[in-house]
Amino acid sequence: MKMEFNHRLYLLSMLYVLSMLDGSSAQPTDTDWFDYFLKSGTSCKLNTCRKNDPICECYLTIEYDLSMLYKGFGSPAIFLKPQNGTAVNFNTGEKFNEKIEDSFILTDGFNLQKVISINGRFPGPTITSYENQNMIVHVRNLMHTDSMTIHWHGMHQRSTPEEDGVAFITQYPILPGQNQTYKFKAFPFGTHFYHAHIGDQRTMGLYGPLIVIPEGFQQVSQPQEGNNVFIAVLQDWNHDDSSEVLYQKLLWGDYDRKTGKAYNVTNDHSGAKYSRFRFHSGLINGRGRYYSSSTENNEAPLYKFIVEKDQKYRFRVINAATMYPFHVYVEKHRPLYIVASDGREIQEEATESFIIHPGERIDFMLHTDNVPSTYLLVAESLEVGIEQRNEYHAAEALIFYKSSPTVIDLNPPKADTNNCNVDACKVFNCPFEYYPEQENRYCFNFNNVASNDPNSQTDEIKGKATELFFNFGFPGEKGYTPGSVNGHQFRSPIVNALAQPNQVDYNCRFCNASNICKCTYSVTIDRPKDNNIYQLVLTNIGNGSGWSHPIHLHGHSFYIMKIGFGKYDITTGNIISNGGQDTIDIICNDKHGYCNDAKWRNESWSEGKHPDLNWKDPPQKDTIIVPTGSYVIIRFKADNPGVWFLHCHIDLHNTNGMGMIINELPELQRNTDKDAGKKSASYYWEMIGILIYSIVITFILAFHCCKKKRNYQRIRNYNGCHL
């Protein structure tokens with residue numbers, strides 16, 4: 001990093017020399033670029049990020065902002081209000097032209113809300129690059145009090161683990177007022193996103209799409225780019241609380257101000273619970289409507305997708321939510337065709353709808369073959385019982401046919417769910433095995449799909465594997481049930497774990513199978529003598545289960561070998577009491593049922609010998625839902641040296657300690673304490689060299705300016721000539 005910085009100083013100094021010699025103006029600085037993109041709302045230089053460009057260079061400015069304000073006329077800003085699907089001047093009712101309105105930060109239209117904006121946008125601007133391009137992303141933190149980092153979710157960071165963006169694991173935080181430049185390779189291709197990786201800042205809007213277009217020679221689903229490709233980023237929205245307040249409510253409860261009673265947590269029909277994060281509205285690309293009842297909303301503007309009739313469109317759906325999975329469908333359009341997940345191609349599957357969990361991405365194809373009109377893209381929460389509370393929890397966006405004989409309906413009534421009574425509805429990626437029988441829906445999941453990705457190499461993970469069990473949950477006794485992995489509540493290091501491994505306190509000596517502890521939990525995966533295949537059994541069992549967890553592994557796309565569900569009542573879809581996999585395939589030997597040291601009940605399944613693994617083109621992902629009472633078996637090849645975070649992608653669960661470090665091939669990692677010391681010493685010598693170089697350049701410039709008498713005025717104005 002320091003050497004690259006010195007090269008940059010050298011280039012800047014040369015530009016300065018040349019500009020002084022020929023009288024041309026100075027080159028734009030990073031500050032100039034930051035300010036330009038902050039004003040324009042875009043992110044990347046025009047002469048980069050194109051097909052065949054070697055680099056993709058972008059600038060992101062992070063700052064706090066407020067929704068429902070128009071600042072185009074300076075201070076004071078114009079306060080906005082929602083009205084029939086538009087945002088108008090609160091005091092005069094004056095409308096704005098569409099281009100201006102599209103730049104507004106609105107969220108769900110409910111009063112002023114504090115958000116984190118990126119280049120003045122919420123969510124952040126899309127970064128689009130091409131596979132294997134060299135990414136250069138400059139990040140400026142203008143938040144007054146908060147540090148931050150950015151994680152490039154889905155990027156493998158092969159040979160660049162220091163760019164992964166996890167605070168105190170791969171880097172130090174970016175302090176207020178500081179800049180940092182991330183450099184990495186755009187791989188793999190597909191639908192990804194960038195987001196905060198400190199605390200719960202993603203909750204406030206610190207995220208944006210990251211799209212990588214595949215190289216042209218690869219056989220992949222089409223279209224990949226152009227006017228027939230849309231991006232839909234989903235978020236659950238709470239307009240009462242900041243991210244820090246939400247975390248405290250996770251710990252201690254949320255209370256009704258009128259009655260003083262604690263709000264009850266909600267759950268899906270299987271019984272899986274959601275933590276204490278109240279769902280007020282859903283957002284698609286930063287916009288949604290707040291429903292004050294199950295049918296009445298505040299008429300806030302929705303994001304618009306404009307389509308032509310009888311075309312095929314690709315929708316890249318990203319779940320950036322804090323807590324909730326979404327059930328996604330398109331009003332009066334079925335089937336949808338699933339073609340990719342987490343950037344990895346799968347063989348096309350027709351479905352009526354699908355479920356997407358925090359951290360996941362799903363690409364689907366939509367055929368616009370209905371009567372031209374206005375329709376809704378709908379992403380509903382999976383909560384049950386909200387109808388009885390007279391609430392509606394959904395994110396919505398408009399899909400409008402340009403050839404429609406009527407104008408676009410900017411505030412249509414909420415959509416009716418698609419009719420499953422005649423034709424059963426097929427739902428992809430359920431976090432349970434069954435829907436209630438009367439709904440006439442049936443689930444299929446990643447056990448039932450096959451990889452179609454040109455970068456998949458199934459043969460590389462066949463054979464004997466080193467097997468590790470990791471249980472994600474909230475085990476413990478009443479009053480102390482922190483988020484944990486194998487009973488270890490994660491404590492963040494206080495130094496950069498990648499750069500300074502010998503200074504990290506990995507001491508977990510007080511942890512065992514029968515207790516809950518707090519430490520910097522890390523497991524080292526080295527290269528075994530025979531191969532470097534690892535099989536992880538991700539479990540959600542024991543007395544800490546009850547919530548479903550989307551688990552994300554940094555640095556890899558893993559193969560889904562099997563999802564093993566618990567036992568469900570086929571009629572109701574509820575998980576049966578004591579029906580978790582710890583009573584079926586897995587045994588937990590600890591007396592408390594924490595399942596900190598789980599094993600296969602059948603010992604012959606050990607070392608990767610489970611008899612029911614999917615060896616026929618298993619799909620690849622980097623985030624997978626582990627339903628309550630269930631397990632997921634994944635495989636990957638340990639060939640990417642780095643310190644990789646493995647964690648639940650529900651922000652509040654992760655912050656509460658549900659994560660750990662996978663220390664992969666430490667002997668091959670480039671950044672060690674010893675190397676850091678060497679770099680530090682060489683750094684000072686390089687700084688001395690730059691100082692000497694600068695002095696020499698100054699004398700050359702002074703001599704050149706003074707020698708040219710025709711540049712007398714320039715000489716007078718240039719201090720160097722007075723040396």
Side-chain angles (χ1 to χ4, degrees), residues 1-3 149 151-152 155-173 182-185 187 197 460-461 463-470 485-486 488-511 517-538 551-558 607-608 622 634-647 654 657 659-682:
M1 291 293 289
K2 293 183 177 70
M3 181 62 73
T149 65
H151 169 55
W152 312 95
M155 297 293 98
H156 287 184
Q157 301 293 358
R158 192 171 295 275
S159 300
T160 55
E162 67 276 7
E163 308 297 334
D164 195 43
V166 186
F168 295 109
I169 294 180
T170 61
Q171 70 167 89
Y172 284 103
Y182 292 90
K183 296 182 179 181
F184 56 92
K185 190 78 72 175
F187 182 87
H197 223 297
E460 72 178 9
I461 47 92
K464 183 180 178 181
T466 301
E467 188 171 60
L468 301 168
F469 282 74
F470 295 122
V485 183
N486 286 351
H488 301 67
Q489 182 183 15
F490 187 75
R491 176 191 286 127
S492 177
I494 59 173
V495 297
N496 183 335
L498 177 66
Q500 300 163 280
N502 295 331
Q503 297 182 38
V504 179
D505 181 7
Y506 286 121
N507 190 346
C508 294
R509 65 181 181 274
F510 296 113
C511 306
C517 64
K518 187 172 185 177
C519 66
T520 304
Y521 185 34
S522 173
V523 171
T524 297
I525 58 174
D526 287 311
R527 182 170 290 156
K529 293 180 180 180
D530 48 356
N531 60 41
N532 56 342
I533 301 169
Y534 276 80
Q535 178 166 298
L536 306 188
V537 185
L538 310 177
I551 304 303
H552 174 52
L553 174 62
H554 294 217
H556 286 276
S557 294
F558 46 74
E607 297 182 344
D622 57 51
I634 65 173
R635 281 195 174 207
F636 62 92
K637 188 176 181 179
D639 59 359
N640 192 13
V643 179
W644 307 116
F645 204 35
L646 174 66
H647 63 100
N654 174 34
M660 62 173 294
I661 289 174
I662 299 293
N663 190 5
E664 184 172 351
L665 306 175
E667 72 279 5
L668 299 180
Q669 293 172 18
R670 292 183 292 112
N671 292 330
T672 66
D673 287 336
K674 186 176 180 181
D675 290 336
K678 288 180 179 178
K679 287 183 179 180
S680 179
S682 64

Practice task
For the pair Arg158 (side chain) and Asp639 (backbone), establish whether a donor and an acceptor sit closer than 3.5 Å, ignoring hydrogens and angles.
Solution key: yes
Handout entry: Close side-chain approach of Glu162 to Gln171, heavy-atom, < 4.5 Å
Key = no
Handout entry: Distance, nearest 0.5 Å, that separates CG of Leu553 from CG of Leu538
Key = 8.5 Å
Practice task
Only counting residues at least two apart or in another chain, list the ones meeting salt bridge (charged side-chain N to carboxylate O under 4.0 Å, His left out) with Arg491.
Solution key: none
Problem - Polar side-chain atom of His156 near backbone of Ser557 as donor-acceptor pair, under 3.5 Å - result: yes
Exercise for the section: Side-chain contact test, heavy atoms from C-beta onward, threshold under 4.5 Å: evaluate it for Phe470 versus Val523 and give yes or no. Expected result: yes
Exercise for the section: State, to 0.1 Å, how close Arg635 and Gly608 come at their nearest heavy-atom pair, and which atoms those are. Expected result: NH2-O, 3.0 Å
Problem - Side chain His552, main chain Asp622, donor-acceptor under 3.5 Å - result: yes
Completion exercise
By side chain to side chain contact (heavy atoms under 4.5 Å, CB included), Ala638 pairs with (sequence neighbours left out) Ile525, Asn532, Tyr534, Glu664
Problem - Approximate separation, where rounding is to 0.5 Å, of Phe168 CZ and Ser492 OG - result: 6.0 Å
Practice task
Taking the side chain as every heavy atom from C-beta outward, state whether Glu607 and Glu467 have any pair of such atoms under 4.5 Å apart.
Solution key: no
Exercise for the section: Would you check if Asp164 and Trp644 make a side-chain contact, meaning some heavy-atom pair closer than 4.5 Å? Expected result: yes
Handout entry: Side chain to side chain, Pro501 and Pro666, heavy atoms closer than 4.5 Å
Key = no
Handout entry: Flag if over 12 foreign heavy atoms under 6.0 Å of CG, Leu468
Key = yes
Handout entry: N/O donor-acceptor pair under 3.5 Å between Glu163 side chain and Lys183 backbone
Key = yes
Exercise for the section: Please report the C-alpha distance between Gln669 and Asn663 in whole Å, then the side-chain angles of each, then the deciding distance to 0.1 Å, and finally whether the side chain to side chain donor-acceptor pair (under 3.5 Å) criterion is met. Expected result: CA-CA 10 Å; Gln669 293 172 18; Asn663 190 5; 2.7 Å; yes
Handout entry: Leu498 and Ile169: CA distance, side-chain angles, deciding distance, side-chain contact (heavy atoms from CB on, under 4.5 Å) verdict
Key = CA-CA 6 Å; Leu498 177 66; Ile169 294 180; over 6 Å; no
Practice task
Taking the side chain as every heavy atom from C-beta outward, state whether Ile551 and Leu646 have any pair of such atoms under 4.5 Å apart.
Solution key: yes
Problem - Short side-chain to backbone donor-acceptor contact, Asn654 and Gly659, under 3.5 Å - result: no
Exercise for the section: Give, for atom CD1 of Ile533 and atom OG1 of Thr466, the distance between the pair rounded to the nearest 0.5 Å. Expected result: 9.0 Å
Exercise for the section: Mind telling me whether His554 and His151 have parallel, tilted or perpendicular rings, with 30° and 60° as the class edges? Expected result: parallel
Problem - Thiol sulfurs of Cys517 and Cys508 closer than 2.5 Å - result: no
Exercise for the section: Could you tell me whether the side chain of Asn531 and the main chain of Lys464 form a donor-acceptor pair under 3.5 Å? Expected result: yes
Handout entry: pair Tyr182-Thr149: side-chain heavy atoms closer than 4.5 Å
Key = yes
Handout entry: Min side-chain heavy-atom separation Leu536-Phe636 under 4.5 Å
Key = yes
Practice task
Search all heavy atoms of Gln157 against all heavy atoms of Phe184 and return the closest pair with its distance.
Solution key: OE1-CB, 2.9 Å
Problem - Rounded distance (nearest 0.5 Å) linking atom OH of Tyr521 with atom CG of Asn486 - result: 4.0 Å
Practice task
Mark yes or no for whether Arg670, through its side chain, and Pro641, through its backbone, hold a donor-acceptor pair below 3.5 Å.
Solution key: no
Fill in the blank from the handout: For Val504 and Pro493 the tightest heavy-atom approach is CG1-CB, 4.1 Å
